[in-house]
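Heads up, the thing below is written out as structure tokens.
Since the structure is predicted, the reported quantities are computational estimates derived from the model, not experimental observations. Each chain gets a letter, A, B and so on, in the order the sequences are listed, and its residues count up from 1.
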Amino acid sequence: MVKGKIFSYLYTSLILLFLYAPIFVLVIFSFNDSSKKMTWEGFTTKWYIEIMEEDIIQSLIVTLTIALLATIFSTILGSISAIGIYHLKTRYKRVVLKVNSLPILNPDIVTGISLMILFLAISLQFGYTTMLIAHIIFDTPYVILAILPKLKQLNPNILEAALDLGATPSKAVRKIILPQLAPGIITGALIAFTLSVDDFVISYFTTANGVDNLSIWIFNQTRKGITPAANAISSIMLILVITLLTIIFIRLSKDFKKKESH
Amino acid sequence: MSSTNKILYKLSYLYIFWMFLFIVLPVFLVFWYSITPLKSGNSLSFYTIKFTLENYKHFFVKSDYIKSLYNSFKLAFFATGFTLIIGYPIALILANMKGKKRNIFLLLMIIPMWTNMLLRTYAWQYIIGRNGLINHWINQLNSFLPFSIPELNIMYTKTAVMLGMTYNYLPFMILPIFSVLVKLDKDLLNAAYDLGANKFWAFIKITFPLSIPGIISGATMVFLPAATSFIIPQYLGGGKDMLIGTIIELQFKGTANNPNFGSTLSIILMIVIFGITTLFSLGSKDESKGESLW
């Protein structure tokens, strides 16, 4: 039994090492005093100052604003649509959900190309707008899929009771359905945001030659020869994410303890 | 209730229109271009008089393309196998952890996914590259060992690409299996133990069969992105191994510059993937496949 436990710990540690190896390397080399990638030439923090430079800040702003806007739009669209889809007749529902799952099942390269061709066919000028539209297109299906299970768990009697007691349909939706859907909506929004922040392929095909998001900027860097500035910004984002998650984690644990002590 | 239903379903009309415009129409356009000959200047003109199957013929006649499709799937298949072998034990270990410890480890597993995919793939060059960390240590070790360990020479090979795929998609295999194992009814296992089974057989006869939906889910989430990736082959394979993702990218944004043929490749890829996912969903008895995320 104890042997089993030791093995588990060893194996898990090994896998965690595997998962974090490139990340450690990334962070360490963000302090590398050298433009040439792999040789370590001394410690420096200059790259953390270098990232204040035009290009990279621009692409970071693009990434964050697109992710934010796309999340907002796709969450709203997804929420409304999920409610609508849930109440469709079964045979229509099945078809709609099948089509909805296409952007999820299709590899990003196919989605990216199909959108690029669409924008070309309607002669839409490429740029920030096309990238944003593309993000909303591939985010919304995930939002819908995150909310549908919550709709299933809704108790229809509560809605009916509210209507019987005189609530208008819109008030019923707002005060009863939406709050119960909230966890699904939040999950969907988080997924959408995550997907958009990290997207490369779809953005790559639906943008113009100047509007880069962070991933595209990094991609262009790797063509020229990557500067540790890319490592620096990645390290910063990583620290932000870890801090954010730790805070959320601690808060959730506190809430949990509070509930238990009551 | 039925009167609200009569209104509520109409909310879906907006999205149905949206889907038609942004999901169905683009696919149709890709198909349209796949049967259109390449225009001079490589413009993607929508209007065309003649249709042609030339692009499709080109795909089948020149064996390179079928070979690249096969190679992509082969690599992805092995990568999926590796993620399964490596990841299943982790899913088991995680499922058996309790509360806080489990959440911490889950978090630890997910955090790497929050770094940029390009960078964390690229970073492997630092580790397994010719002048990378591992070779650096090997050389240092060799300097005071009587024999010499050979240097690692897998950069820009299929092995490196497989490593990259396994690395990037490992969490996608672990999480679905984990979520299925967690819902496993412990009483089933207890019953098995009471009836005399040891841990090994309980696993083989109960845990593993019940986890198969999770495995299928994970396999789908690893295989498809791995087979169609063009970043991983480019960074770790040197871009010389012509995998299907690389080829398609070249048609549209690279040197090959034949968007019509690229469209053909995309259609063929979509058909093959559709076939594979249909096979997978036949193997899974889960009725609500299209209705939840996993």
Side-chain angles (χ1 to χ4, degrees), chain A residues 8 11-12 15-16 19-23 25-26 29 38 77 80-81 83-85 87-88 96-103 105-107 109-110 113-118 120-121 137 145-146 148-149 156 159-160 163 169 198 200 205 214-215 218-219 222 226 230 234 238 241-242 245 249 253, chain B residues 1 4-5 7-12 14-16 19 22-27 29-30 33 44 46 86 89-90 93 107-109 111-112 114-120 122-124 126-127 129 131-133 170 224-225 228 230-231 235 245 248-249 252 262-263 266 269-270 277 290-293:
Chain A
S8 301
Y11 187 70
T12 317
I15 297 303
L16 281 177
L19 283 178
Y20 279 88
I23 300 182
V25 169
L26 265 183
F29 273 83
M38 278 188 271
L77 178 62
I80 300 176
S81 309
I83 298 177
I85 294 175
H87 289 103
L88 279 175
V96 169
L97 283 177
K98 272 240 160 75
V99 180
N100 179 57
S101 64
L102 271 183
L105 291 177
N106 267 338
I109 200 171
V110 168
I113 286 176
S114 62
L115 290 181
M116 178 178 98
I117 289 183
L118 173 73
L120 279 175
I137 294 172
L145 288 189
L148 277 179
L159 181 61
E160 204 172 336
L163 292 168
D198 206 31
F200 167 67
F205 284 106
L214 193 61
S215 303
I218 293 176
F219 181 70
T222 55
I226 202 164
S234 193
L238 186 65
V241 166
I242 294 181
L245 287 175
F249 186 70
S253 308
Chain B
M1 164 82 146
T4 32
N5 274 5
I7 315 172
L8 282 180
Y9 77 83
K10 288 195 182 165
L11 285 175
S12 64
L14 171 64
Y15 191 62
I16 293 177
M19 282 199 303
F22 289 121
I23 300 180
V24 178
L25 188 59
V27 172
L29 285 174
V30 174
Y33 284 121
L44 271 184
F46 187 58
I86 299 178
I90 296 287
I93 295 173
L107 216 63
L108 282 178
M109 200 123 332
I111 286 179
W114 280 75
T115 45
N116 188 282
M117 202 259 217
L118 291 111
L119 280 180
R120 51 172 205 268
Y122 193 81
W124 277 102
Y126 288 70
I127 303 178
N131 300 320
L133 274 179
L170 185 60
L224 292 179
T228 57
F230 77 88
I231 289 297
Y235 286 175
I248 294 183
E249 196 256 344
F252 288 98
S263 304
S266 305
L269 192 60
M270 274 193 260
T277 40
E291 288 187 26
S292 55
L293 273 173

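Looking at B:L119, both its backbone and its side chain come within 4.5 Å of chain A, counting heavy atoms on both sides. With a 4.5 Å cut-off on non-hydrogen atoms, B:I90 touches chain A through its backbone and its side chain both. Heavy-atom distances place the side chain of B:L14, and not its backbone, under 4.5 Å from chain A. For B:P225, no part sits under 4.5 Å from any heavy atom of chain A, backbone or side chain. Proximity to chain B involves both the backbone and the side chain of A:I80, based on heavy atoms less than 4.5 angstrom apart. With a 4.5 Å cut-off on non-hydrogen atoms, A:V241 touches chain B through its side chain but not through its backbone. Heavy atoms of B:L108 lying under 4.5 Å from chain A belong to its backbone as well as its side chain. Proximity to chain B (any heavy atom under 4.5 Å) is shown, for A:L88, by both the backbone and the side chain. For chain B, the nearby part of A:I109 is the side chain; its heavy atoms alone come within less than 4.5 Å.
Between B:Y9 and A:H87, the shortest heavy-atom distance links the atoms CB-O, 3.3 Å. Taking both residues in full, the closest heavy atoms of A:P107 and B:T228 are given as CB-OG1, 3.0 Å, listed atom of the first, atom of the second, then distance. In terms of heavy-atom proximity, B:A123 sits nearest to A:L26 at CB-CG, 3.9 Å. Shortest non-hydrogen contact noted between B:L29 and A:A121 is CD1-CB, 3.7 Å.
Per-residue counts of heavy-atom pairs under 4.5 Å with chain B were compared for A:L105, A:N106, A:L118, A:V110; the largest is that of A:L118. The greatest number of non-hydrogen atom pairs below 4.5 Å with chain B, out of A:I242, A:I113, A:L214, A:T12, is found for A:I113. The choice from B:L25, B:L133, B:I231, B:V27 that makes the most heavy-atom pairs within less than 4.5 Å of chain A is B:I231. When the candidates B:M117, B:E249, B:M109 are compared by the number of heavy-atom contacts under 4.5 Å with chain A, B:E249 comes out ahead. Interface summary for chain A: among B:I248, B:L269, B:I86, the most heavy-atom pairs under 4.5 angstrom belong to B:I86. When each of A:V25, A:L77, A:L245, A:L238 is checked for heavy-atom pairs under 4.5 Å with chain B, A:L77 comes out on top. The most heavy-atom pairs under 4.5 Å with chain B, out of A:A21, A:A230, A:S234, A:S114, come from A:S114. For the set A:L19, A:L115, A:I85, the count of heavy-atom pairs under 4.5 angstrom toward chain B peaks at A:L19. The residue among B:G245, B:S12, B:S266 with the most heavy atom pairs within less than 4.5 Å of chain A is B:S12. Residue with the most contacts toward chain A among B:V30, B:V24, B:L170, B:I23: B:I23 (heavy-atom pairs, distance under 4.5 Å).
Residues A:I23 and B:I111 are not in side-chain contact: their nearest non-hydrogen atoms beyond the backbone lie 4.5 Å or more apart. A heavy-atom distance below 4.5 Å is not found between the side chains of A:F219 and B:Y122. Residues B:P26 and A:I117 fail the side-chain proximity criterion, which asks for heavy atoms closer than 4.5 Å.
When each of A:L102, A:N100, A:I137 is tested with B:M19 by the rule side chain to side chain contact (heavy atoms under 4.5 Å, CB included), just one qualifies, namely A:N100.
A donor-acceptor pair under 3.5 Å is absent between the side-chain atoms of B:Y15 and the main chain of A:V96, judged by distance alone.
Using bins of under 30°, 30° to 60° and over 60° for the plane-to-plane angle, the ring pair B:F230/A:F205 lands in the perpendicular bin.
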